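Working notes, beginning with the structure itself.
Keep in mind that this is a model prediction, so the values were computed, not measured. Quick note on labels: first sequence line is chain A, next is B, and so on, each numbered from 1.
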Amino acid sequence: MENNLKVSASPHIRSNNSTSKIMMTVAIGLLPACIFGVWFFGLRALLLLVISCATCVITEHLGQKILGRESTIEDFSAVVTGLLLGMNLPPAAPLWIPVVGGVFAIFVVKLLFGGLGQNIMNPALAARAFLVISFTRHMTDFSTDTLSGATPLMRLKSGESVDTFNMVIGRCAGCIGETSVIAIMIGAIILIMAGIIDLKIPGTYIISFALFYIIFSGHGLDPYYLVAQISGGGLMLGAFFMATDYVTCPITERGKLIYGVFLGVLTGIFRVFGASAEGVSYAIITGNLIVPLIDRFTMSKAFGYGGERS
Amino acid sequence: MSDTFNGGVHPDDGKALSKDTPVSDYTPTGELAYPLSQHIGAPAAAIVKKGDRVLRGQKIAEAAGFVSAHIYAGASGTVKGIEKRRTPVGDMADCIIIENDGAMECVPGLGERQTDPKELSREDIINRVKEAGVVGMGGAGFPNHVKLSPKEPDKIEYVIANCAECEPYLTSDYRMMLERPECIIGGLKIALSLFENAKGIIAIEDNKPDCIELMRELTTGESRITVKSLETKYPQGSERQLIYACTGRAINSKMLPADAGCIVDNADTLIAIYEAVTKEIPLIDRIVTVTGDAVADPKNFRVPIGTDLSELLEAAGGFKCTPEKVICGGPMMGFALFDLHVPITKTCSSLLGLREDTVSKTKSTACINCGECVRACPSRLIPTRLAAAADHGDEEGFESCFGLECMECGSCSYVCPAKRHLAQSIKTMRKIILGKKKNGK
């Protein structure tokens with residue numbers, strides 16, 4: 001018997017948490033917003049989401065084969081990327097768009113940088129940025145059979161008024177998964193309850209964005225305008241589901257607060273002073289780049305630091 | 001004031017297996033082995049030779065220096081010699097081997113003298129503790145007379161009885177609190193008598209409410225002693241975390257508890273102090289929990305130090321199924337055994353037989369930067385960064401991220417969802433760096 005005893009360094013027990021459980025929970029957290037998107041925009045939205053997920057999973061599997069690595073599709077991270085990418089597409093996008101985006105997200109942004117945990121930007125957002133720059137017409141046309149093309153943020157930018165109530169519910173033009181604040185919040189609450197995310201990043205992001213808007217937008221404390229800006233575009237989806245992406249956010253608790261403020265201010269700058277009405281995806285991928293810097297400067301001193309032996 | 005620390009983990013405690021079996025005495029029948037080094041500091045020097053007859057309670061090795069401890073025989077018999085034997089931590093070390101004659105003949109008068117500690121001077125008390133070879137029995141093995149002789153005794157403000165017992169499965173302190181609480185309190189009072197400015201704190205995790213209640217009841221008249229209920233969380237019983245939870249003071253790896261005005265002793269050690277001072281009984285027995293889901297009849301034993309672990313295992317019915325892993329100590333910081341023929345030492349608290357070894361079944365995957373290890377680390381480190389530095393051989397980066405402050409509690413490895421062996425990487429690097437520093441001096 002003694003020859004069969006396993007020997008290893010302590011600790012000898014492990015929690016039952018796992019990467020795939022975390023990723024699956026995140027996918028579940030994304031579902032309410034996806035379901036709303038499919039219900040509101042129709043089956044084409046579902047098709048885009050499915051193609052996006054399938055592309056990401058297949059790309060990961062084949063990509064890892066090509067690169068001579070072990071396939072890790074069972075960790076569900078490609079599904080999360082696929083869902084996020086699909087949710088960031090206009091409901092009328094051509095069906096090849098998620099294929100191009102999925103390959104870019106997984107192969108270029110994730111695998112070429114070393115795979116899960118090594119990518120320096122959120123793959124879904126980097127792919128979205130790539131798609132918007134490359135296929136601008138397809139990626140900025142939000143018109144559907146029932147909706148005119150302009151998103152509420154575009155209308156605000158050109159001085160029109162918007163229906164804030166419908167924006168909170170999600171009945172407005174926009175990307176598949178970003179329009180419904182309520183559905184996003186349901187998913188966010190699931191993730192918070194499961195202990196996957198906390199409010200540090202989303203909280204500081206949204207609050208600093210709101211403060212920036214109050215000071216610089218020229219609309220001051222107009223609550224309708226502020227609620228419309230927070231509900232509109234990708235801010236809620238970005239703050240709760242993409243800025244909190246483990247791989248590309250700071251690991252230190254203080255760093256998370258700084259990161260959130262950085263994203264809020266950057267989103268504010270892009271939206272107030274930029275040409276586009278949107279700004280969340282660019283703010284987050286820019287924020288991703290300074291994460292190593294934030295981590296370095298926010299590292300805690302060790303327990304008992306500075307104490308002297310007498 | 002805090003009653004816990006930051007970080008930590010909540011593993012399943014597994015204590016139900018053995019917590020309700022009262023401590024039973026086990027008399028060894030086989031050979032006994034005494035490693036000359038079962039404490040921090042210089043190995044003791046053997047004072048017996050091959051062929052000598054020794055009695056239970058007889059000194060067989062002398063402390064070699066101030067930071068060292070005497071070793072006593074736990075059974076009567078004949079010295080077989082000094083041989084290299086496997087120890088629980090896995091290495092081969094010089095051990096005094098005693099052929100047990102089964103008579104358990106004690107040195108004359110062992111335990112028959114009774115002294116009121118109030119009649120003893122502080123030097124007498126410290127001398128008795130030193131003479132008895134008492135060391136920290138929670139695992140560190142720090143010679144207790146050294147602990148009780150800080151440079152400035154007046155600056156000691158707290159004597160903390162560490163009854164947290166935060167390691168899963170272990171129930172020896174629990175049983176002692178229920179069965180011999182007066183000895184723990186007695187030991188604490190003796191320690192308090194050395195430090196006139198100190199208050200006594202009996203610190204117990206709140207998963208042992210019966211102990212908390214009993215200790216409170218027994219200390220109602222004691223103005224200097226309070227009982228503190230601590231959050232049940234591993235590693236609550238780690239010295240640094242315990243001091244923080246009890247006093248709000250934080251010490252680092254270079255400091256001793258005395259630097260924060262604290263003396264910390266665990267339950268078993270306090271009992272040893274009590275017996276050493278009041279009855280002049282040397283440290284010859286200790287409490288060992290034999291438990292785990294592979295053990296037929298989990299139990300708590302009082303057993304002579306030096307007894308073979310495999311013999312004690314048989315006393316608990318042996319294994320009811322083939323264990324994949326056998327551990328000396330708790331599952332978080334204990335040592336995996338590959339040979340069960342190892343002696344029980346002064347610091348060996350448990351024999352744990354696990355039916356399944358979860359560690360060898362898990363597969364390490366990529367770090368996803370989730371920060372679970374950062375939240376779990378009681379030393380406020382970034383374990384995943386330290387482990388990465390360790391794996392890359394980056395000693396400078398490791399040190400600049402405070403890697404030497406790691407106390408190897410294993411919380412990071414426990415929580416990691418990617419099942420990375422963070423603590424193991426960090427431990428290895430610490431050994432390398434500390435070894436280099438030692439040799440550089």
Looking only at the side chains, is there a donor atom on one of [X] and [Y] sitting less than 3.5 Å from an acceptor on the other?
X	Y	result
Tyr244(B)	Thr4(B)	no
Lys110(A)	Ser77(A)	yes
Asp75(A)	Thr19(A)	no

More than 12 non-hydrogen atoms from neighbouring residues, nucleotides or ligands closer than 6.0 Å to [atom1] on [X], yes or no?
X	atom1	answer
Asp12(B)	CG	no
Lys65(A)	NZ	no
Lys361(B)	NZ	yes
Arg296(A)	CZ	no

Inset, instruction - Tell me, out of Gly307(A), Gly117(A), Pro250(A), who's got the most heavy-atom pairs with chain B below 4.5 Å. - result: Gly307(A)
Legend entry - Most contacts with chain B, counted as non-hydrogen pairs under 4.5 angstrom, among Ser18(A), Cys249(A), Gly115(A), Gly306(A): Ser18(A)
Specify which of [options] makes the most heavy-atom pairs with chain A at under 4.5 Å.
options	answer
Asn6(B), Leu381(B), Thr362(B), Val359(B)	Val359(B)
Gly371(B), Cys370(B), Ser379(B)	Cys370(B)
Glu152(B), His10(B), Gln241(B)	Gln241(B)
Gly334(B), Gly329(B), Ala260(B)	Gly334(B)
Ala423(B), Ser411(B), Cys401(B)	Cys401(B)
Thr365(B), Ile327(B), Val9(B)	Ile327(B)

Checking heavy atoms, do the side chain of [X], its backbone, both or neither come under 4.5 Å from chain A?
X	answer
Ala418(B)	both
Pro168(B)	side chain
Ser413(B)	both
Arg240(B)	both
Ser400(B)	backbone
Thr384(B)	side chain
Pro331(B)	both
Lys325(B)	both
Lys363(B)	side chain
Lys155(B)	neither
Cys377(B)	neither
Ile251(B)	backbone

Legend entry - Nearest heavy-atom neighbours spanning Ile196(A) and Tyr246(A):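 In this case the closest contact between Ile196(A) and Tyr246(A) is O-OH, 2.5 Å.
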Inset, instruction - Would you kindly check if the NZ (Lys) or CZ (Arg) of Lys15(B) is within the cone defined by 45 degrees around the ring axis of Tyr169(B) and under 6.0 Å from the six-membered ring centre? - result: no
Inset, instruction - With the side chain counted from C-beta on, respond yes when Met121(A) and Leu289(A) share a heavy-atom pair under 4.5 Å apart, and no when they do not. - result: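 Heavy-atom side-chain distance check passes, below 4.5 Å.
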Inset, instruction - Please name the residue in the list Asp357(B), Leu352(B), Thr358(B) that meets the side chain to side chain contact (heavy atoms under 4.5 Å, CB included) test with Leu354(B). - result: Leu352(B)
Legend entry - Any donor-acceptor N/O pair, Glu74(A) side chain to Ser20(A) backbone, under 3.5 Å: no
Legend entry - Engaged part of Ile13(A) at the chain B interface, taking heavy atoms whose separation is under 4.5 Å: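 Answer is both: backbone and side chain atoms of Ile13(A) are under 4.5 Å from chain B.
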Legend entry - Contacting region of Glu70(A) [heavy-atom separation from chain B under 4.5 Å]: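 Answer is side chain: those atoms of Glu70(A) sit under 4.5 Å from chain B.
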Legend entry - Residue pairs, two or more places apart or on separate chains, that pass salt bridge (charged side-chain N to carboxylate O under 4.0 Å, His left out) and touch residues 7-31 of chain A: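 For residues 7-31 of chain A, and leaving out neighbouring residues, there are no salt bridge (charged side-chain N to carboxylate O under 4.0 Å, His left out) pairs at all.
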